[in-house]
Trainee: 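Have a look at the structure that comes next, please.
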Amino acid sequence: MTRHERGSPYAPHTSEETAAMLDAIGVDSEEALFDIPDDVAFTGEFGIESRGERELCGELSRLFAKNDDLTEFLGRGHYSHYVPSIVDHLSLRSEFLTSYTQYQPEITQGFLQVLFEYQSMLVELTGLPIANCSMYDAATGLAEAARLANRVRRTSGSTVLVPEYLRAGKRGVLENYVDGTDLAVESYPMADGNVDLEALTDLVGDDTVFVYAENPTVRGTIEEGLKEIGELAHDNDALFCLGSDVVALSLLQEPASVGADVVVGEAGALGMPASYGMGLGLFATKEEFLRQVPGRLVGVSEDMSDRRAYTLTLQTREQHIRKERATSNICTNQAWVALRAAIHAASLGPNGLVDLAEDCVRDAQTLAARLDEVSGVQAPVHDRHHFREFVAHTDQPAAAVAEDLEAEGFAVHVVGEHEIQLCVTEVNRDRIDTLVAAMEEVA
Amino acid sequence: MTRHERGSPYAPHTSEETAAMLDAIGVDSEEALFDIPDDVAFTGEFGIESRGERELCGELSRLFAKNDDLTEFLGRGHYSHYVPSIVDHLSLRSEFLTSYTQYQPEITQGFLQVLFEYQSMLVELTGLPIANCSMYDAATGLAEAARLANRVRRTSGSTVLVPEYLRAGKRGVLENYVDGTDLAVESYPMADGNVDLEALTDLVGDDTVFVYAENPTVRGTIEEGLKEIGELAHDNDALFCLGSDVVALSLLQEPASVGADVVVGEAGALGMPASYGMGLGLFATKEEFLRQVPGRLVGVSEDMSDRRAYTLTLQTREQHIRKERATSNICTNQAWVALRAAIHAASLGPNGLVDLAEDCVRDAQTLAARLDEVSGVQAPVHDRHHFREFVAHTDQPAAAVAEDLEAEGFAVHVVGEHEIQLCVTEVNRDRIDTLVAAMEEVA
Amino acid sequence: EYEPLLSEKDSTAVDVGGDDSPLPDDLTRDSVELPELSEPELARHYTRLSQMNYGVETGPYPLGSCTMKYNPKFTEDVAADPNAAVHPDRSERSTQGTLKMLYNLQDYLGRIGGMDAVTLQPPAGAAGEFTGILVAKAYHEANGNDRSEVVIPASAHGTNFATAAMAGYDVVELPSGEDGRVDLDALEAAVSEDTAALMLTNPNTVGLFERDITEIAEMVHDVGGLLYYDGANLNALLGRARPGDMGFDIMHYNVHKTFATPHGGGGPGAGPVGVVDELAEFLPSPQVRRNDGGFELFDPERSIGKVHGFYGNWLVLVKAYAYIARLGDEGLADASAKAVLNANYLGSQIEYDIPYGPYHHEFAATAGDQDAADVAKRMLDYGVHPPTTKWPEMVPEAMLTEPTEVENRETLDDLAAAFNAAHGEDDDTLANAPNKTAARRIDQVGAARNPRLSWHALDDD
Amino acid sequence: EYEPLLSEKDSTAVDVGGDDSPLPDDLTRDSVELPELSEPELARHYTRLSQMNYGVETGPYPLGSCTMKYNPKFTEDVAADPNAAVHPDRSERSTQGTLKMLYNLQDYLGRIGGMDAVTLQPPAGAAGEFTGILVAKAYHEANGNDRSEVVIPASAHGTNFATAAMAGYDVVELPSGEDGRVDLDALEAAVSEDTAALMLTNPNTVGLFERDITEIAEMVHDVGGLLYYDGANLNALLGRARPGDMGFDIMHYNVHKTFATPHGGGGPGAGPVGVVDELAEFLPSPQVRRNDGGFELFDPERSIGKVHGFYGNWLVLVKAYAYIARLGDEGLADASAKAVLNANYLGSQIEYDIPYGPYHHEFAATAGDQDAADVAKRMLDYGVHPPTTKWPEMVPEAMLTEPTEVENRETLDDLAAAFNAAHGEDDDTLANAPNKTAARRIDQVGAARNPRLSWHALDDD
């Protein structure tokens, strides 16, 4: 497969070519090109055996087959929707997949336009005028939002308020990101799944810099007091940050209409299959914070022929120009995932997107109702509207129920001693009957 | 997903656009565009329900899962070699996959060059100067070769001689293709797997138009008397046609060197996984038969700027120009499969190709030797060199052995009451141990 | 722009045989000389070549009679299912999934064409024609009724003629009537006891429906002949008319035009053939049928045998099946409706004359005083794929145009603009086109006069 | 050439809520307005956009410090394995395949870098840096030893500075020595009891090996600081030197440059971080380890917690693993050897000066009197991707060039020809380049002065 027997199969050199090139350089050997002092030279071996492509594909296929074949009713921030075939086929075109960041816009107009369109879709969905072309995931998006609040804050305070119900991972990232600031993260309580407005009112004060709420919440409930939360934050000169995802945004209250200053969340709910938590952080905000936005922005400009052209812009916010005064250290983001999400969203169109989101409400309602009929299960636990997922009470210990369900081929979350959580979309909807049957056995 | 609720998801029309277009045409409805007399109008239903993409992918995935998961030791004209990933990725580029035949060469130089390179590889492998850019499969290639012989024959004879051991499907196609001529197909006997030269000498005569031999034979033996067969044919003014495949050609005697007038066979041994017999017919011949060649040919020419350019050429042989006087009715061939085979061959390079072919000899030898050690099995039956496959004798009835092996997860051919045939390549090589173990159980 | 040949990038000769060889030298060749390149080099080579190729995702492809419509991506995924990648010699027991799909496809195609039995074996449309004519021949022979002629309209696809000749028939060419359709008097004169079959496409090759199809069928049947339907244009009629209902006895299906399978730059195709009950026993071996709880292969009683070494172009059949199942009754009917709508809309927007009508899914415009082939080359400069030119011959300087249902109005307007721009241009401009393509006008005569058909031939230059 | 925006092709407003809605109106938005297009229209849109984009299969991509090398196709197939598409909240019991791969990758990376423990969680190189600095911070804090400064060479990647600042450190910038390497005297002056860490890449950003690395390490360690290795240039040293052996305590790995994962136009990346034993207990949660007969997750004892909501960019990690396993020891060493060979060969063929050497995998040429950014634009006209320009600042009008190991001699000669052609051209020609690209020179200042960041903003024009 390659012209040199040993070595990298992806280096094209024949030994004759190598020799000729060394000759042109004027050295005798490849070794002579390395300027490494003996005391730090590595003379050992990694002990990694090279495998042929065929052998390796077989090996990895067998390896991944060690994962059990479960039907997942899992969500809590990482969602599976059906990804249309066109997303794979178009995103795998090598002109997209194997390109670098668009530092030479004249030859990367295609990707820049895709990212501009992605930003535009988020602007439409959030109602906010600025969306960047991605954060790593929802957690880092939230964390960057808190840091943005810190940079623009009008108060002397330092408290970042987050919901009691918040993925530990998300809170963990937030805490690490504010570790270098004087911000401190505190929780506010929830009431029956949603924000406890009274308790929050008591907590928000002069010291509050940032109030974060999610819609839907991590427990799948649809928030009812967003406007009030936004007003509370603004009355105290704090920023109101709303967490959501790209599907939910197409149906639920528009963030701009409830006063959100920043919207963060998962855009990877479109475009990606379950991928062990790999995400796509959406980040949108108001015009006034434009120069404080972390990450990359694509803008419109003109070329020398006065034709419309796209380019990365406002790069003076970024680390490669501004160094330690940058808005963030992020450079490589999730551009290709954004491309996939954009193609998926475009495939759905506004009708498809709203239909999909409405199904998320209906399916969750259906599954909860079905489970509620199972003896030993009450669902949903929270008397709220739900989106995609909900918490159910089990009379048996939740961990045991989940383990028994796994033996039956289903994965669910355990979120309390007697609480499991289930997420349903079009990809597992047709397994509801078998899940309910299994639940009747194990609950 | 589409803007009109019912109808084809791949037609982009909104109802407004449809109305505007009807208006521009000057009719009221789509129906008004159809000029179909009432007595032949169809008013019924097909009864085919439309399924969404997701549902359909699931349905077909479940359908194909009804095929048993067997390790195939199968060959006899349809072979599985490992297809490098690059073949899929590059051949699926839509510029290749979704293009039509190159009737406008100025905008299809890419595919034309690929086909030209494919022809060139076959010229190298066969040693014959003309190769077309594909037949449907080995069987139709053989059949077209016999028809070519009929057109160019210098004798008054009408006999087409083929080996006693020949796939029934291949012979069946041949007989249908010569059905409209006065050619008649007859078999000559084999001796210990290869051509019985003495018997053939007796059979070949004035009446012989065409002598066909295979190397390797359908039983996997490597022919030893090719030169003699060619001389026999030529001494009687008959054409000598050799059947082979693109991997075997890279190792075994070069057809030109043994006097082959036409080479046919499977080129799909490269480029395609097992695909239920879908093939790629290779067809190469001598300069003198150029204008009698069936199928398409790509040639080099120049454009108006005197730059090298590729084009379909010698089309006056073809049906769309020559109608009933065409060399064949073939128009659509296997172009995309040829593209895949070419990429696969290019990935291997000459070293990789020869290595692969040598492994076909070694692996067959190894497996035969292993099976020969199993009590109740003698292998190989023929005292010949083998390529990829061989026949083994089973003391038990072969059908029962095959059925038992299938229950153990293996598929083999039954080719006689006590004969099975097995084919081994790099894709099943690592299952030899388990096959032998299974054979020890069932033989 | 120019991409070198692989052989210009590298040529490595490898000795074959010798001491390390598993074969004695007299059974091996001496050497093989081919390019030896690395994967990155090959990836760039084929990527560049792809960029020098026009596909239907590049733009419209209104090649009349041939044409390309969008090939749904998911059909590729379905065809790549590893469980479907089986060897043809597997037992029927172990390939129930494959057999079921084939059975279902036979069934779907029968319903769509109004046919009683269908074979999936022919690997392309021309092979389907050949299969159909062999079935007709076997039928006549079985009735002790050898016939020698096949009647074909002059405007028919070239394959019809070649197919009839391959099967050993004499071709009787039927001139077109003044209205562009079959002339019943001419047909009356052409058919006889020698007529094995009439091969017809409907709508015909200028898009006209053969309104007299019932009478045509009667005339052919009256002399004991069979009626063969060339399925190239079935994409115009889905859900509105069926060949079986029109009196056709045999038909082939064009899967790339009707069922959106990719054409792959010239194949693979598939040419399933449907027949009426009476002819089912002559179909190729094997067919698929139901048995107790499953599916099995069987040989029709008086089968003509094989037309492909195995079972035809499996991957193409899977894609056709997936497309049909995706669209269903309403989708298929709508595809035809929109194909006809688009052709009529485009026809209404161009300045060239269209002599015959009312047309359905395609129309044959005439370039008039211009050279149709030159007009086509000029259209390349306007960024679109041109129509089929100079065929059918009944239309002088014909430009046979078939936009398909997948084009939107804007693209059709672009196509019309390209036609109309060329319409206003002088012969010199047209004759020197194209100017904006990777290659300019290519010398076809030179290519045929001095055939150089491999890179070996270039070395001799 | 121009491809309209999706919103210019269609804009459809859909009302949300109302009687059919599953939610009360006060919980829904009013409407959504987005493009509603068919699949064929979208396929053409994105295909055309792809054609307006340069990838590494289009041509060489010698962006110094960033660069792109060939991304093996099979790694995409492996990453698309449906069995690997699992949710992160699955039980460990049911994801043994996933955990084993992660464990193996931790192990491989440890061996390659000479590190004792590795986290795979950081989703990009910058996130890896941040993780590493947080680990350093946690270590110092655990030792009751709060420190306030991070020392960084002036020529370092911008992320180093931004990362240190994000973690709350003051940055102490270290001027380059005359030979382009760390100036030991300047380092002596910079480090102190306040030094939390020195961040260094080696070879440095002009391709030079920091020969005094052992002394540098000693100086940092002597004041109680830690040595952080920015893995951007590890691709120069595989199998020849390891950060761990040079005295580095923490490092991140650049998977796209070192292990050929695709960069996807700006990500996703992955930034695994390796540390010495002493720091392992501070790594993010969770890590993977062996247990009886299997693999499990665990939280390091004094873990810094999370740097990604879940486990990082899984798909990227799979591809990196597949690449490492494909190459093995010899392949990895050869990749570095050929990367260094190619850089030195290319450097020897260009007419621009290269002030610093001996360089390894990349070199910083100077455009001299020319504007480096203009030279780069002009190179676009010659059909290649230009180098990184105007960075690092220690080289005036720098053109940082890194061809990688996947280019063959011919392509390197093409690159040299592009450099050399520009070398002979006047400022005006350069300033007006490029002329042959889809877009000509783009007004960057205008874009920033009047930010239009969505199609909504264009409506206001």
Side-chain angles (χ1 to χ4, degrees), chain B residues 7-8 11-12 21 25 30 33 35 40 42 46 48 50 60 64 66-68 72 74 90 93-95 97-99 101 106-107 109-111 120 123 136-137 139 169 172-173 180 254 273-274 276-278 299-301 303-304 309 313 319-320 323-324 326 329 332-336 349-350 361, chain C residues 14 22 29 32 34 36 46 49-50 52-57 81 83-85 87-88 94 96-97 111 123-124 126 158 161-163 165 167-168 171 209 246 262 264-267 269 305-306 309-310 314 328 331 334-335 337-338 340 345 358 405 408 437 439-443 447 452 454-455:
Chain B
S8 167
M21 288 166 70
I25 298 166
E30 289 170 358
L33 297 170
D35 179 35
V40 295
F42 175 68
F46 301 147
I48 302 171
S50 163
L60 284 167
F64 292 133
K66 290 184 201 292
N67 287 340
D68 295 345
E72 299 176 342
L74 298 173
L90 293 171
R93 284 184 64 85
S94 64
E95 297 91 330
L97 183 65
T98 76
S99 65
T101 304
E106 291 83 0
I107 55 170
Q109 285 293 296
F111 215 124
S120 302
V123 166
Y136 305 129
D137 67 352
V173 172
E254 188 187 62
Y276 205 55
M278 177 165 160
V300 162
S301 188
D303 75 359
M304 285 178 99
T313 193
Q319 34 66 38
H320 66 286
K323 297 173 121 179
E324 65 268 32
N329 74 337
T332 293
N333 51 37
Q334 305 286 104
W336 185 72
V361 175
Chain C
V14 172
R29 57 191 298 146
V32 182
L34 285 169
E36 181 102 23
Y46 290 104
L49 290 181
S50 78
M52 293 160 70
N53 216 64
Y54 190 98
V56 78
E57 292 180 25
D81 190 325
N83 289 323
H87 190 283
S94 71
Q96 286 293 304
R111 298 189 207 192
F161 301 88
T163 296
V171 171
F209 194 89
M246 296 177 209
K306 300 289 290 180
F310 297 94
W314 160 255
D334 186 54
K338 294 303 187 297
V340 172
Y345 175 77
E405 69 276 14
N408 63 18
T437 46
R440 292 187 59 202
R441 185 84 66 102
I442 293 167
D443 179 7
R452 289 167 294 170
S454 74
W455 60 52

Trainee: State, with a plain yes or no, whether a side-chain heavy atom of Thr437(C) is found less than 4.5 Å away from one of Gln109(B).
Mentor: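 Counting from C-beta outward, Thr437(C) and Gln109(B) never come under 4.5 Å.
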Trainee: Heavy-atom pairs under 4.5 Å with chain C: which of Val40(B), Asn329(B), Asn333(B) has the most?
Mentor: Asn329(B)
Trainee: Can you tell me which of Arg93(B), Glu324(B), Lys66(B), His320(B) forms the most heavy-atom pairs within a distance under 4.5 Å of chain C?
Mentor: Glu324(B)
Trainee: Rounded to the nearest 0.5 Å, what's the gap from CG on Asn67(B) to CD on Gln96(C)? Could you check?
Mentor: 8.5 Å
Trainee: Has the side chain of Asp303(B) got a donor or acceptor atom that lies under 3.5 Å from a matching backbone atom of Ala439(C)?
Mentor: no
Trainee: At a 4.5 Å cut-off on heavy atoms, which part of Leu90(B) comes close to chain C: side chain, backbone, both, or neither?
Mentor: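 Contact with chain C involves the side chain of Leu90(B) alone.
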Trainee: In terms of heavy-atom pairs under 4.5 Å, which option from Ala335(C), Gly265(C), Pro358(C) contacts chain B the most?
Mentor: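 When all of Ala335(C), Gly265(C), Pro358(C) are compared, Gly265(C) has the most.
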Trainee: Within this structure, what is the CG-CG distance for the pair Asn83(C) and Leu60(B), rounded to the nearest 0.5 Å?
Mentor: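 With rounding to 0.5 Å, CG (Asn83(C)) is 12.0 Å from CG (Leu60(B)).
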Trainee: Which one of Gly158(C), Pro88(C), Gly331(C) has the most heavy-atom pairs closer than 4.5 Å to chain B?
Mentor: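 When all of Gly158(C), Pro88(C), Gly331(C) are compared, Pro88(C) has the most.
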Trainee: Determine the minimum heavy-atom distance between Lys323(B) and Ala162(C), stating which atoms define it.
Mentor: O-CB, 3.5 Å
Trainee: Minimum heavy-atom separation for Tyr276(B) to Phe310(C), with atom names?
Mentor: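 Taking Tyr276(B) first and Phe310(C) second, the nearest heavy atoms are O-CB, 4.1 Å.
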Trainee: Might you point out which heavy atoms bring Ala124(C) and Thr332(B) nearest each other, and give the distance in Å?
Mentor: CB-O, 3.8 Å
Trainee: Heavy-atom distance under 4.5 Å to chain C: side chain of Glu106(B), backbone, both or neither?
Mentor: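 Both parts, backbone and side chain.
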Trainee: If you compare all heavy atoms of Ile25(B) against all heavy atoms of Tyr345(C), which two are closest, and at what distance to 0.1 Å?
Mentor: CD1-N, 3.4 Å
Trainee: Using non-hydrogen atoms and a 4.5 Å limit, figure out which bit of Asp81(C) sits close to chain B: side chain, backbone, both or neither.
Mentor: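 The answer is the side chain of Asp81(C).
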Trainee: Report the option among His87(C), Glu57(C), Arg440(C), Arg441(C) that has the most heavy-atom pairs separated by less than 4.5 Å from atoms of chain B.
Mentor: His87(C)
Trainee: Report the option among Ser50(C), Ala165(C), Ala84(C), Pro262(C) that has the most heavy-atom pairs separated by less than 4.5 Å from atoms of chain B.
Mentor: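 Heavy-atom pairs under 4.5 Å are most numerous for Ser50(C).
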Trainee: For Ala337(C), is it the side chain, the backbone, both or neither that has a heavy atom under 4.5 Å from a heavy atom of chain B?
Mentor: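 Backbone plus side chain of Ala337(C), per the 4.5 Å heavy-atom cut-off to chain B.
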Trainee: Kindly give the heavy-atom pair with the smallest separation between Trp455(C) and Ser120(B), and that separation in Å.
Mentor: N-OG, 2.8 Å
Trainee: Apply side-chain contact (heavy atoms from CB on, under 4.5 Å) to Glu30(B) and Lys338(C), showing your working.
Mentor: CA-CA 8 Å; Glu30(B) 289 170 358; Lys338(C) 294 303 187 297; 2.9 Å; yes
Trainee: With chain B as the partner, which of Ala126(C), Gly267(C), Ala85(C) has the greatest number of non-hydrogen pairs under 4.5 Å?
Mentor: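 So the answer, after comparing Ala126(C), Gly267(C), Ala85(C), is Gly267(C).
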Trainee: Do Ser94(C) and Asp68(B) have a side chain donor and acceptor closer than 3.5 Å?
Mentor: no
Trainee: For chain C, find which of Val173(B), Val361(B), Thr313(B) contributes the most heavy-atom pairs closer than 4.5 angstrom.
Mentor: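 Of the candidates given, the most pairs with chain C belong to Val173(B).
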Trainee: Pick from Gly180(B), Ser99(B), Ala139(B), Gly169(B): which one has the most heavy-atom pairs with chain C under 4.5 Å?
Mentor: Ser99(B)
Trainee: Any chance you could measure Asp443(C), atom CG, to Ser301(B), atom OG, to the nearest 0.5 Å?
Mentor: 4.0 Å
Trainee: Taking all non-hydrogen atoms of both residues into account, name the closest pair between Ala11(B) and Asp334(C) and its distance.
Mentor: CB-OD2, 4.2 Å
Trainee: Between Val171(C) and chain B, which part of the residue has a heavy atom less than 4.5 Å away: side chain, backbone, both or neither?
Mentor: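 For Val171(C), the contact with chain B is made by the side chain alone.
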Trainee: Pick from Ala167(C), Gly269(C), Pro123(C): which one has the most heavy-atom pairs with chain B under 4.5 Å?
Mentor: Pro123(C)
Trainee: Does Asp137(B) use its side chain to pair, donor to acceptor, with the backbone of Gly309(C) at less than 3.5 Å?
Mentor: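 The answer is yes, because a donor-acceptor pair under 3.5 Å joins these two groups.
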